[in-house]
Engineer: 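Sharing a structure below in structure tokens format, with a few things to ask.
All of these numbers come straight from a predicted model, not from anything done at the bench. For ligands, and for the atoms within them, numbers begin at 1 and follow the listed sequence.
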Amino acid sequence: MQVFAILPAAGLGTRMAGPQPKQFLALGGVPILIHSLRAFAAVERMGPIYVAARKTEMERVEAQVAEYGFAGRVHVVEGGEKRQESVAHALAALPAQDDDIVLVHDAVRPLIDTATIERTIDAAAEYGAAIVGMPAIDTIKQVERTAHGAVIVATIPREFIVHAQTPQGFRYRILKSAFAEAEADGFVGTDEASLVERAGHPVTVVHGSQVNLKITQPGDLELAEFYLRQRGC
Ligand code: C5P
């Protein structure tokens with residue numbers, strides 16, 4: 001059984017102020033994407049890693065991959081307009097067998113740790129599909145959007161809520177057929193698990209961490225710098 005990783009890194013990062021897509025911003029002097037790659041490359045049973053980058057940024061990503069010593073181990077493929085399309089492109093390029101494991105991880109979650117990746121691989125191997133998630137801390141409201149904002153429709157008991165993070169890991173055959181089904185139905189999800197769920201396969205949740213934040217908005221980078229310093233990096 002081989003383990004592959006896909007890191008979608010083709011987003012525009014429109015919620016982050018500034019001209020630079022967030023996956024290229026530096027964290028402790030090292031690009032965010034490289035932090036994510038290092039975490040995956042440090043996992044002993046990790047096989048080839050695929051990064052999806054925007055067409056216009058592929059050369060830059062390839063140069064970074066070489067500069068940080070990942071040439072040969074990390075392959076760069078062209079991303080798409082949606083995250084799902086970026087992952088689909090990488091999935092099409094994987095030389096994987098049905099029983100292999102494929103992990104998908106947001107390139108913009110640079111603080112993922114090796115132990116969590118290992119736990120995701122183990123759970124994906126055991127159950128076929130597993131994601132990293134965090135129990136909800138806040139009270140969760142379902143709302144209806146209005147012209148003035150939102151009105152609460154219901155309160156969802158938070159013991160039933162998990163915030164989905166990445167990595168999300170699957171047997172190749174399960175992920176591949178869920179992607180094919182979604183494409184045939186014109187379904188677009190914001191994570192891989194949603195595609196696998198609708199295909200009828202149960203998805204297990206592995207406990208994540210607050211530190212595994214997704215760098216999305218201004219302020220997240222400062223928080224990530226703080227966590228990085230705490231780690232002593
Ligand atoms: O902002 P969003 O949740 O879409 O980003 C999650 C990850 O998906 C980021 O690493 C981003 O670069 C990636 N992405 C992508 N292709 C897109 C949109 C997002 O690879 N078209």
Engineer: Under a 3.5 Å cutoff, is there a donor and acceptor pairing between the side chains of Ser209 and Asn212?
Structural biologist: no
Engineer: With atoms numbered from 1 as shown, which atoms in ligand 1 lie under 4.0 angstrom from a non-hydrogen atom of Ala107?
Structural biologist: 10 (O)
Engineer: Can you check whether His207 reaches Met134 side chain to side chain, under 4.5 Å on heavy atoms?
Structural biologist: yes
Engineer: Show the atoms of ligand 1 that are less than 4.0 angstrom away from any heavy atom in Gly11.
Structural biologist: 11 (C), 12 (O), 13 (C), 14 (N), 15 (C), 16 (N), 17 (C), 18 (C), 19 (C), 20 (O)
Engineer: Decide whether an N or O pair under 3.5 Å exists between Arg54 and ligand 1.
Structural biologist: no
Engineer: Can you list the atoms of ligand 1 that are under 4.0 Å from a heavy atom of Val108?
Structural biologist: 9 (C), 10 (O)
Engineer: I want to confirm something. Looking only at heavy atoms, which of Arg83, Glu85, His89 is nearest to atom 8 (O) of ligand 1?
Structural biologist: Arg83
Engineer: Kindly indicate, with the supporting measurements, whether the criterion side-chain contact (heavy atoms from CB on, under 4.5 Å) is fulfilled by Arg83 and Thr190.
Structural biologist: CA-CA 7 Å; Arg83 176 211 156 94; Thr190 50; 5.8 Å; no
Engineer: If the contact criterion is a heavy-atom separation under 4.0 Å, does Gly79 count as touching ligand 1?
Structural biologist: no
Engineer: Going by ring pair (Phe, Tyr, Trp, His ring centres under 6.0 Å), name the residues that satisfy it together with His35, two or more places apart in sequence or in a different chain.
Structural biologist: none
Engineer: In terms of side-chain geometry, is the basic nitrogen of Arg171 or Asp98 positioned less than 4.0 Å from the acidic oxygen of its partner?
Structural biologist: no
Engineer: With sequence neighbours excluded, what pairs up with His201 under the ring pair (Phe, Tyr, Trp, His ring centres under 6.0 Å) test?
Structural biologist: none
Engineer: Rounded to the nearest 0.5 Å, what's the gap from CZ on Phe170 to CG on Leu195? Could you check?
Structural biologist: 8.5 Å
Engineer: Is there a heavy atom in Lys214 that sits closer than 4.0 Å to ligand 1?
Structural biologist: yes
Engineer: Is there a polar contact, in the sense of an N or O pair closer than 3.5 Å, between Ser86 and ligand 1?
Structural biologist: yes
Engineer: Say whether Pro8, considering both its backbone and side-chain N or O atoms, lies within less than 3.5 Å of an N or O atom on ligand 1.
Structural biologist: yes
